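Remarks on the structure that follows.
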Protein chains: 2
Amino acid sequence: MGVSRRGASARAPRTKFDSPASRIIVGDCVAEMSKLPSGSVDLVFADPPYNLQLKGELKRPDESHVDAVNNDWDKFSSFAAYDDFTRAWLLACRRAMKPSATIWVIGSYHNIFRVGAIMQDLGFWVLNDIVWRKTNPMPNFRGRRFTNAHETMIWAARDENAKGYTFNYEALKAANEDVQARSDWLIPLCTGNERLKDKDGRKVHPTQKPEGLLARVLLSSSKPGDLVIDPFNGTGTTGAVARRLGRNYIGFERDRTYAAAAEKRIAAIEPLPEATLAPFMTAREAPRVAFSELIERGMISPGAKLVDAKKRHGALVRADGAIMLGNKVGSIHRIGAMAQGAGACNGWTFWHIETSKGLRLIDELRAEIRNQMMAAG
Amino acid sequence: MGVSRRGASARAPRTKFDSPASRIIVGDCVAEMSKLPSGSVDLVFADPPYNLQLKGELKRPDESHVDAVNNDWDKFSSFAAYDDFTRAWLLACRRAMKPSATIWVIGSYHNIFRVGAIMQDLGFWVLNDIVWRKTNPMPNFRGRRFTNAHETMIWAARDENAKGYTFNYEALKAANEDVQARSDWLIPLCTGNERLKDKDGRKVHPTQKPEGLLARVLLSSSKPGDLVIDPFNGTGTTGAVARRLGRNYIGFERDRTYAAAAEKRIAAIEPLPEATLAPFMTAREAPRVAFSELIERGMISPGAKLVDAKKRHGALVRADGAIMLGNKVGSIHRIGAMAQGAGACNGWTFWHIETSKGLRLIDELRAEIRNQMMAAG
DNA sequence: TATATTCCTGAATCAGCCA
DNA sequence: CTGGCTGATTCAGGAATAT
């Protein structure tokens, strides 16, 4: 079967202190992916053949030879053949994906339009297209086009109405000077020690992707313990980064040479300590607290008065956890919206209670309760 | 017919001191483009509907309303309907294009994959995909995706084997710190005075493109006097930039309000002086000089000896313009390659003649002839 | 008049849970 | 599956207004 294992089975859920499981399955990715339980995968990263359609040989102005992609696996007889191939592996991925899973596909102008259109036709829902801007692209030697300085990744959900996909928004923002991460990423090519070479010093694979690119993919759209798969394993960049980041991994690869190099590479990876990977506790994911809990815990008494920051509005706290403004009764949110004449309002960040030291936001009281909940486990 | 004219007919070739001709034709672009002579157009720029498929209303965190694209012209019943629409206008463009013409199409992830795949299926040959990186994109208000900070343009030739398309390589390189222009362009949104507003201060069109973007498109892939068309004229950004840059223009627009605003806008444009637009004389476009002309002009005598810079090789000049090394006869290029054992060689920058003042590169002699040709007009 | 602050807006496929 | 409620969420730049 050409299956190798490292650590526990990838199918077993990873417990808190497990080492991430990594496997490479040698074989056709469509056939092998169909053996996975359906709906078992959290994230797919795919770097399929680009169908470059190169002709002849390209030389630099100094007459040196350009070592281009010239492998059999990148040759297709027609666009239609490439489309059939693409549909097949995308469908196999889709079957294996959880409803909340997302998929990344990388390509260039040679293939990415076909891939994107087929993904839409199959029902995938595009979330973003991401541009990998290369700091050090190969120049256009003939001076007949713009330097092809980027590649494109499509990030898509399984369905239009897929709920709950992972997007580590706050972590990305915190890592980016507190500004939202954009759709254009500037990352160098894979070179130097990171580039796998054979014993003769030749590159093992012509299209090895930089780990920095995969790191950003996995950090943005997966969690530690997730199962990540890559239908076109190649030299195993996805697996190497997955292991380092505490994600479980299954890669599929037809070529035994590539698979062997990838196995060795991934085995040498030391997963990062749990603490460095622990997910951000975001406001969105924080445990829910009902306003009535503040009353039950005695932090606010029925009959107390809530006011906004400028004390323009005052509302009365009822025993049942609703509040009253004039003769209107409702939630802290509803009444807050009504007070402002707005369509919506987050009552937690609108209403205050009056204390001897001045106004106190009720969101601070909620934070106290949350801290107690966290401490209690 | 809703045709307006400005200056001479766009079909007449522009003579040296003509003002560029601009027309906007009100009507369906497929029907109207089919009235153009086939093979008459030098460049197409198309900004088709993106088929955004928006649902509901989006508000900013401050509860303000996001004024999104909600026009009928962007609504399609299905991907298939959008594909049919796309095929039709692309075919009409292709018919009107000269064999050497190229086409630009701009889009976002909503439509660009379908557009690109259809272009390939119709026989267009993609030259580059260009990323317009926005300096000031709209943020992602809900924090559920990456900020969509770019749009994509496809630049394609009419056919795979199209010869002689315009790419002003040297001018772009000179304008870019003497480095090749890349496929990612950083350009701000269209705002401020450049943005067309109606008398109530509302934007005339929801998707007006910045002139800076069109300027780079036209400067890179067209020449003064070329005929540029835009099937989706809108507010006429393409026409405005074309006129300023001395290109003739025909735009197609169904909406009379847009067309009227565009007419007024384009009429107010003052074309730049000829001198600022004169094409860069590039090495590739410089007049060709045959080696035999050096002999005809008496700059080199038959029987003279050509040598390389280190005088390791010596070749004999024949009367017919070929040269001879040992018993091999051929062009300066072929024999130069043979002397070096290389696959190719630019003989002009390899061979020298011996003068009383030392070696002189034959390329310098060619430059003398070219200067004379230029002076003669 | 100069500086500081507020306001406005741009091609947007922009939530998740429970009853 | 729908409806309703909770409550989380924005960057850059130009224009307008206030100090």
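Residue numbering restarts at 1 for every chain, and letters A, B, ... go by the order of the sequence lines. As the structure is a computational prediction, the values presented were derived from the model and not from experiment.
Residues from residues 294-325 of chain A with heavy atoms under 4.0 angstrom of DNA chain C: there are none. Residues from residues 332-341 of chain A that place a heavy atom under 4.0 Å from any atom of DNA chain D, listed by number: A/His333, A/Arg334. Of the residues in residues 60-71 of chain B, those lying under 4.0 Å from DNA chain C by heavy-atom distance are B/Arg60, B/Asp67, B/Ala68, B/Val69. Using a 4.0 Å cutoff on non-hydrogen atoms, no part of residues 193-221 of chain B comes near DNA chain D.
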Run the side-chain donor-acceptor check on residues 151-163 of chain A: report pairs under 3.5 Å with partners two or more places apart or on a different chain.
unit_1	atom_1	unit_2	atom_2	d
A/Glu151	OE1	A/Tyr50	OH	2.5
A/Glu151	OE2	A/Lys134	NZ	2.8
A/Trp155	NE1	A/Thr102	OG1	3.0
A/Arg158	NE	A/Arg94	O	3.1
A/Arg158	NE	A/Met97	O	3.3
A/Asp159	OD1	A/Arg94	NH2	2.8
A/Glu160	OE2	B/Lys55	NZ	2.2

Side-chain atoms of residues 328-335 of chain A: list all donor-acceptor pairs with protein atoms under 3.5 Å, sequence neighbours left out, distances to 0.1 Å.
unit_1	atom_1	unit_2	atom_2	d
A/Ser331	OG	A/His333	N	3.2
A/Ser331	OG	A/Arg334	N	3.0
A/His333	ND1	A/Gly347	N	2.8

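Stem regions for DNA chain C, each three or more consecutive Watson-Crick or G-U pairs with both distances under 3.5 Å and listed by first number, read C:2-10 with D:11-19, C:15-19 with D:2-6.
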Just the atom pairs and distances: protein N or O near nucleotides 15-19 of chain C's N or O, under 3.5 Å.
unit_1	atom_1	unit_2	atom_2	d
C/dA15	OP2	B/Arg142	NH1	2.8
C/dA15	OP2	B/Arg142	NH2	3.4
C/dG16	OP1	B/Arg144	NH2	2.7

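For the side chain to side chain contact (heavy atoms under 4.5 Å, CB included) criterion with B/Val66, the lone passing option out of B/Lys59, B/Glu57, B/Arg60 is B/Arg60.
The pair A/Arg297-A/Glu368 fails the salt-bridge criterion, with no side-chain N (NZ, NE, NH1 or NH2) lying under 4.0 Å from an Asp/Glu carboxylate O. With salt bridges taken as basic N to acidic carboxylate O contacts below 4.0 Å, none links A/Arg247 and A/Asp42. The residues B/Asp184 and B/Arg182 are annotated as salt-bridged, a charged nitrogen and a carboxylate oxygen being separated by less than 4.0 angstrom.
Looking at A/Asp308, its side chain does come within 3.5 Å of a backbone N or O of A/His313 through a donor-acceptor pair. Side chain of B/Gln208 to main chain of B/Thr235: no donor-acceptor pair is present (N/O by atom type, distance under 3.5 Å, no hydrogens or angles). Panel note: side chain B/Lys209, backbone B/Thr207; a donor-acceptor pair is recorded below 3.5 Å. In terms of modelled atom types and a separation under 3.5 Å, the side chain of B/His205 and the main chain of B/Lys203 share no donor-acceptor contact. For B/Ser220 (side chain) and B/Arg216 (main-chain N/O), a donor-acceptor pair under 3.5 Å exists by modelled atom type.
A donor N or O paired with an acceptor N or O is not found under 3.5 Å between the base of C/dA12 and the side-chain atoms of A/Asn128.
Residue-to-nucleotide proximity on DNA chain C shows that, of B/Ile106 and B/Asn140, the 5′-proximal contact is made by B/Ile106. Between A/Asp178 and A/Thr349, the residue anchored nearer the 5' end of DNA chain D, judged by the nucleotide with its closest heavy atom, is A/Thr349. Along DNA chain D, the nucleotide nearest A/Gln180 and the nucleotide nearest A/Trp348 are compared for position; the residue whose nucleotide lies closer to the 5' end is A/Trp348.
B/Pro137 comes within 4.0 angstrom of a base, heavy atoms only. At a threshold of 4.0 angstrom between heavy atoms, the contacts of B/Thr147 with the nucleic acid are absent. Heavy atoms of B/Cys190 sit nowhere under 4.0 angstrom from any nucleic acid atom. In this structure, A/Thr282 reaches neither bases nor backbone, as no heavy-atom distance under 4.0 Å exists between it and the strands shown. Across all strands, A/Arg182 comes closer than 4.0 Å to no nucleic acid atom at all (heavy-atom distances). When heavy atoms are screened at a 4.0 angstrom cut-off, A/Asp363 is found touching no nucleic acid atom at all.
Atom name P, nucleotides D/dT9 and C/dG10: the rounded distance is 25 Å, in whole Å. Taking the C1' atom of each, D/dT6 and C/dA12 are spaced 23 Å apart, rounded to whole Å. C/dA11 and D/dA15: their P atoms are spaced 16 Å apart (whole Å).
Considering only heavy atoms from C-beta on, A/Glu354 comes within 4.5 Å of A/Val307 through its side chain.
Judged by distance alone, the side chains of A/Lys223 and A/Thr166 do bring a donor and an acceptor atom under 3.5 Å apart. With no hydrogens or angles considered, a side-chain donor-acceptor pair links B/Arg265 and B/Thr237 at under 3.5 Å.
Counting non-hydrogen atoms of neighbouring residues, nucleotides and ligands closer than 6.0 angstrom, the CG atom of B/Asp200 exceeds 12 such neighbours.
Judged by a 6.0 Å distance limit and a 45° cone about the ring axis, B/Arg254 is not positioned over the six-membered ring of B/Trp73. Judged by the 6.0 Å distance and 45° axis criteria, B/Arg114 is positioned over the aromatic ring of B/Phe79. Relative to the ring axis of A/Tyr165, B/Arg145 does not place its NZ or CZ within 45° and under 6.0 Å from the centre.
The salt bridge (Lys or Arg N to Asp or Glu O under 4.0 Å) test applied to B/Asp72 returns no partner, not counting sequence neighbours. Evaluation of the side chain to side chain donor-acceptor pair (under 3.5 Å) rule for B/Ser221 yields B/Trp104 as partners, not counting sequence neighbours. B/Arg142 pairs by the side chain to side chain donor-acceptor pair (under 3.5 Å) definition with nothing, not counting sequence neighbours.
With a heavy-atom cut-off of 4.0 Å to chain A, the contacted part of DNA chain D has its first and last nucleotide at D/dT6 to D/dC11.
Summarising the geometry, the separation between CZ on B/Phe141 and P on C/dA11 is reported as 12 Å, rounded to the nearest angstrom. Spacing between atom CH2 of B/Trp73 and atom P of C/dA11 amounts to 10 Å, rounded to whole angstrom units.
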Practice problem: Might you work through the ring pair (Phe, Tyr, Trp, His ring centres under 6.0 Å) test for A/Trp351 and A/Phe291, ending with a clear yes or no? | Solution: CA-CA 11 Å; A/Trp351 295 113; A/Phe291 179 65; 9.5 Å; no
